[in-house]
**Student:** 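I'd like to ask some things about the structure below.
The sequence lines fix the lettering, A, B, ..., with proteins before strands; numbering per chain opens at 1.
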Amino acid sequence: MPVPVDNNPKFDEYVHPEVLVTTDWLEQNLGTPGLVVLESDEDVLLYEIGHIPGSFKIDWHTDLNDPVVRDYIDGESLSKLFSARGISPDTTIVIYGDKSNWWATYALWVFKLFGHADVRILDGGRDKWISEGRPLTTEKPIAVATTYPVLERDDASIRAYKDDVLAHLGKPLIDVRSPEEFSGERTHMPSYPEEGALRGGHIPGAASVPWARAVNEDGTYKTRAELETLYLDGAGLTAGDDVIAYCRIGERSSHTWFALKYLLGFETVRNYDGSWTEWGSAVRVPIEIGAK
Amino acid sequence: MTAHLPQSLAEISEDFLALDDNDRVQLLLEFALELPALPERYRDHPELFERVEECQSPVYIFVEVDSENIVSVFATAPEQAPTTRGFASILASGLSGMSAPDVLNVSDDFPNMLGLAKIISPLRLRGMGGMLRRIKRQVSEKQN
């Protein structure tokens, strides 16, 4: 039984209003049977210094990435991960995190590779919850282990590989990195020097829409009308377009992918997780430089 | 591979390496919680502090070298940046009390000697390397 959706009027305008919940809704629904809350952060210690009561930690680096190959976990690992957190196929998962939910939407995207049905994002994430003075705890919950089936990961519909991007050239691409990374002035985001690439610039034809333009100051997503101004009028997307979003390693573009897929309802939108750290170091792939 | 580590840092490294991955996270958390507040005399002097640009969280460091050439390291970082606080705390507690030449001799590879590579993405560890290099630069400028 899925947990009822949040009927917040702002969400009603989105094509898929059921994928977001407000901090109010979450506080009221904590403890509801069938709901599991997960925290997914960039900072590996944040969960430990205080998290939403009853929430479990998920770590993008150690839980979602394959430990050897640059890839995601397989069905067996996901089954273990979910079983240990009391998640069943019909569980409603709500994810929140730091950095305006970069890693929360990244986790949602990985869960969607396996087709878990009901995954939602806490609008505004960890910072909003804390700024509103809502309850935190350092107590770690104990889950009643479930048996989650071993599902096949399906990369085809929402994940793009480098070859898919090459075949896609000429169709819409959204580059969500900073303007300096897009133009090629720098190969990495400020303060992330080691995640650079050998060449600077962007994938030819990409439109530059830095991820943060999709959110308000408090980290919540902008309204549907504002998002349409940004991506349709601004970046030139039209309904029904086949779109690929990318950034540097695929986390900021998960955030934009989420907005395009669920809030604006683009059916075919993929996240290119290889992103600039792959493209900018690959041999003989086309690159454009300069602002546009 | 602790040949170039002074005893205080070698002990920290051994403490981490003796633990499994989960307990290493816990130990880093303890360091984060134990980062001392700035002493009164520096609390209202943000201009003395240097921003560590290699870290994406705002962390600031300041090094004092006294007339005996003994180093003290001070650092400040937001509560909501515990990993960065943990790194700053390891360096502040490990390096403070050492002589300036000993600090300059610390291996730049120290952040990689804590067994954290598997649990923390490489980007955070490089941030700690940035802190160490900046501390050493300040020491070389301020030593007698």
Side-chain angles (χ1 to χ4, degrees), chain A residues 39-51 56-68 70 84 96-100 102-103 106 125-131 133 136 138 140 178 186-197 212 219 247-252 276-277, chain B residues 16 19-35 50-61 75 77-90 108-109 111-112 114-134:
Chain A
E39 175 161 343
S40 174
D41 295 319
E42 174 156 308
D43 191 316
V44 296
L45 292 179
L46 269 180
Y47 175 87
E48 274 76 12
I49 64 166
H51 51 263
F56 294 91
K57 177 179 181 174
I58 192 137
D59 186 283
W60 69 274
H61 187 59
T62 55
D63 290 329
L64 300 180
N65 284 5
D66 183 276
V68 181
R70 186 173 173 187
Y96 72 98
D98 62 355
K99 300 265 166 193
S100 301
W102 288 359
W103 302 100
Y106 181 87
R126 179 183 168 95
D127 287 349
K128 186 159 197 288
W129 183 275
I130 290 178
S131 71
L136 292 172
T138 52
K140 292 181 184 173
S178 62
R186 61 192 314 161
T187 54
H188 57 82
M189 143 158 82
S191 311
Y192 291 72
E194 61 297 314
E195 290 192 358
C247 57
R248 182 181 45 103
I249 57 170
E251 91 290 23
R252 287 175 288 173
W276 198 255
T277 50
Chain B
F16 272 100
L19 300 171
D20 67 22
D21 287 343
N22 278 336
D23 288 338
R24 282 177 197 174
V25 171
Q26 286 304 316
L27 182 56
L28 186 60
L29 176 64
E30 281 169 34
F31 273 103
L33 298 175
E34 284 165 10
L35 177 67
E50 173 178 354
R51 165 112 198 228
V52 181
E53 302 286 349
E54 291 84 351
C55 292
Q56 80 266 26
S57 304
V59 51
Y60 297 85
I61 52 161
E79 241 175 76
Q80 291 293 315
T83 297
T84 302
R85 285 177 71 86
F87 290 163
S89 174
I90 288 171
D108 287 332
D109 204 31
N112 297 316
L114 302 173
L116 294 172
K118 240 171 72 189
I119 43 176
I120 294 177
S121 74
L123 77 96
R124 309 307 298 264
L125 284 174
R126 303 283 172 90
M128 189 181 189
M131 270 183 233
L132 177 58
R133 283 192 300 277
R134 283 165 193 270

**Student:** Any heavy-atom pair between the side chains of B:T83 and A:E42 that's under 4.5 Å?
**Tutor:**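 No. Closest side-chain heavy atoms not under 4.5 Å.
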**Student:** Under 4.5 Å, counting heavy-atom pairs only, tell me which of B:L33, B:L28, B:T84 racks up the most with chain A.
**Tutor:**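 Option with the greatest count: B:L28.
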**Student:** Restricting to non-hydrogen atoms, name the atom on A:K57 and the atom on B:V25 that form the minimum distance, rounded to 0.1 Å.
**Tutor:**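 Reported closest heavy-atom pair: NZ-CG1, 4.5 Å.
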**Student:** Would you say that B:K118 contacts A:H61 through its side chain, given a criterion of any heavy-atom pair below 4.5 Å between the two side chains?
**Tutor:**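 The answer is no, as the side chains (C-beta and beyond) never meet within the 4.5 Å cut-off.
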**Student:** Out of curiosity, A:L45 CG to B:I120 CD1, how far, rounded to the nearest 0.5 Å?
**Tutor:**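 With rounding to 0.5 Å, CG (A:L45) is 6.5 Å from CD1 (B:I120).
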**Student:** What's the separation between atom CD1 in B:I119 and atom CG in A:D59, rounded to the nearest 0.5 Å?
**Tutor:**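 With rounding to 0.5 Å, CD1 (B:I119) is 9.0 Å from CG (A:D59).
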**Student:** Can you give me the closest heavy-atom contact between A:L46 and B:P82, atom names plus distance?
**Tutor:**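 Minimum heavy-atom contact is CD2-CD, 3.5 Å.
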**Student:** If you count heavy-atom pairs under 4.5 Å with chain B, which of A:N65, A:T62, A:D127 comes out on top?
**Tutor:**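 That would be A:T62.
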**Student:** Once you round to the nearest 0.5 Å, how far does CD of B:Q80 lie from CD1 of A:I49?
**Tutor:**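 It comes to 4.5 Å.
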**Student:** Where does B:E79 contact chain A at under 4.5 Å (heavy atoms): side chain, backbone, both or neither?
**Tutor:**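 Looking at B:E79, just its backbone touches chain A.
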